[in-house]
Amino acid sequence: DSTFFLQKNRRNDIDDEVKNKYENLIQKGIDAINNNEFEKVKEKLEKYNQTNLINLLERLKNKDELIKQIQRIDFEQIMELYKKVNEHKNIDINKIEHINYVDKSKLTSEKLEEYSKIGDEVIRNGEYAVVTMAGGQGTRLGHKGPKGTFKVIVNNEEKYLFQIIVESLQEANNKYNVIIPWYIMTSSENKKQTVEFLEEKNFFGYPKEKVKFFVQGNLPLVDQKGELIIDKNCLIKEASDGNGSIYQSMKKDGIIEDM
C-alpha cells in the first residue's frame with residue numbers, strides 16, 4: 001500500500017512537472033508573438049512619426065488592446081487627411097456652378113403627376129426605405145443624450161424627434177398599405193442609449209422587426225502636430241467620421257445587402 005501511494009505521488013509530481021513545462025512553453029510562445037507584434041507596431045508608428053504612442057507602448061504593461069487598435073488604423077489615410085487640412089487652396093468662386101436639379105414649384109401639372117406616380121409605385125412595390133442619421137448627441141440643444149431623444153413642441157404637444165419620424169412613417173404606411181423599413185445610423189457612443197430608448201418607448205408603435213441599427217464609423221483624433229491623441233484609458237481617442245461615410249458604414253454592417 002505504501003509503495004502504491006509513493007508511486008502515485010511520484011506520478012502526480014511528474015504530471016505537474018510536465019504541465020508546468022507545457023504552460024511555460026506556451027507562455028514563451030505567447031511572449032514571442034507579443035514581442036513580434038510590438039516590434040511591427042513600433043516600426044509602423046516610427047514611419048508616421050508617432051512619438052507619443054511609441055513612448056506610451058514602451059511604458060505600458062498591458063499593451064494588447066492598444067496594439068490591436070493601432071493595427072486596425074489606416075495611418076496612411078489619417079496622415080493624408082491631416083495634410084489636406086493644412087493645405088491652403090484658393091477657390092475661384094466664379095467656377096462654382098449649380099448642379100442639375102428639378103424645381104418642383106415650376107413643374108407642370110402633367111409632369112408633377114408623372115413623377116408622383118413613379119414615386120408611388122416605388123413605395124408600393126417595397127423598393128423604398130428610410131435611413132435616419134442619428135449619430136449625433138443633443139449637446140448643442142442643451143440636451144443630454146442622443147439627438148433623437150430630444151423633445152420639441154409640435155402643435156402645442158411635446159414630442160420626441162424619433163416620435164415625429166415614426167408618425168411620418170406610419171402615415172406613409174397607411175397611405176400605401178406597406179411597412180417601410182427603417183434603418184437608424186447611430187454612433188458607437190450613443191448606440192446603446194438609442195436602442196434602449198426606442199425599446200423603452202416600444203418604437204412608438206412601429207414594428208420592431210422593420211427597424212435595424214447600424215453604427216457610424218470612427219476616425220482617430222489628431223493634434224496640430226499630426227500625432228494621434230491619447231485618452232485617459234491609454235487608448236487612441238476616436239470620434240465619428242461624419243455623415244459622408246454613411247454608405248461605407250451601411251456596407252460594413254450589412255445594411256445595403258439587407259436592402
Side-chain angles (χ1 to χ4, degrees), residues 41 44-45 47-50 53 65-89 91 96 98-101 122 127-141 143-150 160-162 164-166 168-169 180-198 203 206 210-231 233 235-259:
V41 164
K44 187 178 185 180
L45 294 174
K47 180 182 176 182
Y48 294 101
N49 301 315
Q50 298 296 317
L53 272 174
E65 197 173 351
L66 180 57
I67 285 175
K68 285 177 185 174
Q69 190 183 22
I70 292 167
Q71 286 172 330
R72 69 170 181 263
I73 290 173
D74 185 345
F75 279 85
E76 191 170 338
Q77 178 200 28
I78 301 302
M79 291 303 107
E80 188 63 30
L81 291 170
Y82 170 72
K83 285 176 186 174
K84 286 182 178 178
V85 167
N86 291 305
E87 286 177 3
H88 298 285
K89 293 184 178 179
I91 299 173
I96 299 175
H98 288 293
I99 60 171
N100 292 328
Y101 67 97
V122 167
E127 298 170 347
Y128 179 79
V130 167
V131 178
T132 301
M133 292 180 282
Q137 295 292 92
T139 312
R140 283 178 292 179
L141 300 170
H143 173 65
K144 190 176 180 181
K147 204 174 289 181
T149 65
F150 182 67
Y160 296 101
L161 292 179
F162 278 134
I164 295 168
I165 293 169
V166 169
S168 298
L169 285 167
I180 297 169
W182 186 22
Y183 299 95
I184 303 171
M185 183 179 80
T186 70
S187 63
S188 53
E189 181 185 2
N190 74 6
K191 181 181 178 182
K192 186 173 182 289
Q193 284 178 291
T194 301
V195 174
E196 286 177 352
F197 172 81
L198 286 169
F203 293 85
Y206 210 75
K210 287 291 182 177
V211 183
K212 286 187 171 61
F213 299 91
F214 65 101
V215 180
Q216 187 174 5
N218 285 332
L219 281 175
L221 298 181
V222 180
D223 66 16
Q224 292 180 334
K225 295 178 182 177
E227 293 218 32
L228 273 61
I229 296 172
I230 300 162
D231 67 16
N233 299 313
L235 294 171
I236 296 163
K237 195 169 181 63
E238 297 181 337
S240 297
D241 56 4
N243 291 336
S245 69
I246 183 170
Y247 300 108
Q248 186 178 347
S249 301
M250 289 170 71
K251 182 180 179 182
K252 178 175 64 71
D253 285 2
I255 298 302
I256 292 176
E257 187 179 343
D258 186 76
M259 286 180 172

[X] [atom1] to [Y] [atom2] distance, which is reported to the nearest 0.5 Å:
| X | Y | atom1 | atom2 | value |
| --- | --- | --- | --- | --- |
| Leu161 | Leu141 | CG | CG | 7.5 Å |
| Ile78 | Ile236 | CD1 | CD1 | 9.5 Å |
| Trp182 | Leu198 | CH2 | CG | 5.5 Å |
| Met133 | Ser240 | CE | OG | 13.0 Å |
| Asp231 | Leu221 | CG | CG | 9.5 Å |

Check step by step if side-chain contact (heavy atoms from CB on, under 4.5 Å) holds for Lys144 and Gln193.
CA-CA 11 Å; Lys144 190 176 180 181; Gln193 284 178 291; over 6 Å; no
Are [X] and [Y] side-chain neighbours, meaning at least one heavy-atom pair lies under 4.5 Å?
| X | Y | answer |
| --- | --- | --- |
| Phe214 | Val131 | yes |
| Asn190 | Lys147 | no |
| Val130 | Pro181 | no |
| Gln216 | Ser188 | no |
| Ile256 | Tyr183 | no |
| Leu53 | Leu66 | yes |

Side-chain polar contacts of residues 222-230 - donor-acceptor pairs under 3.5 angstrom, sequence neighbours left out - could you list them?
residue, atom, partner, partner atom, Å
Asp223, OD1, Lys225, N, 2.9
Asp223, OD1, Gly226, N, 3.0
Asp223, OD1, Glu227, N, 2.8
Glu227, OE1, Thr51, N, 3.3
Glu227, OE1, Asn52, N, 2.9
Glu227, OE1, Asn52, ND2, 3.3

Which pairs, with at least one residue in residues 210-219 and sequence neighbours excluded, count as a salt bridge (Lys or Arg N to Asp or Glu O under 4.0 Å)?
Lys212-Asp258
From the list Lys47, Glu80, Gln50, side chain to side chain contact (heavy atoms under 4.5 Å, CB included) partner of Phe75 resolves to Gln50
Ring pair (Phe, Tyr, Trp, His ring centres under 6.0 Å) with [X]: which residues, sequence neighbours excluded?
| X | answer |
| --- | --- |
| Tyr82 | none |
| Tyr128 | none |
| Phe213 | none |

I need the minimum non-hydrogen distance between [X] and [Y], along with the two atoms involved.
| X | Y | result |
| --- | --- | --- |
| Lys192 | Glu196 | NZ-OE2, 2.8 Å |
| Tyr160 | Thr149 | CD2-O, 3.2 Å |
| Gly135 | Ser187 | O-OG, 3.2 Å |
| Gln71 | Lys44 | O-NZ, 3.6 Å |
| Ala134 | Ile184 | CB-CG2, 4.0 Å |
| Gln69 | Leu235 | OE1-CB, 3.5 Å |

Is the Phe162 ring parallel, tilted or perpendicular to the Phe197 ring (thresholds 30°, 60°)?
tilted
Here the side-chain hydrogen bond (donor to acceptor under 3.5 Å, both in side chains) pairs for residues 247-257, sequence neighbours left out, are none
Take atom CD in Glu65; do more than 12 heavy atoms of anything else shown fall under 6.0 Å from it?
no
Applying side-chain contact (heavy atoms from CB on, under 4.5 Å) to Met79 and Asn49, what does each step give before you reach the verdict?
CA-CA 10 Å; Met79 291 303 107; Asn49 301 315; over 6 Å; no
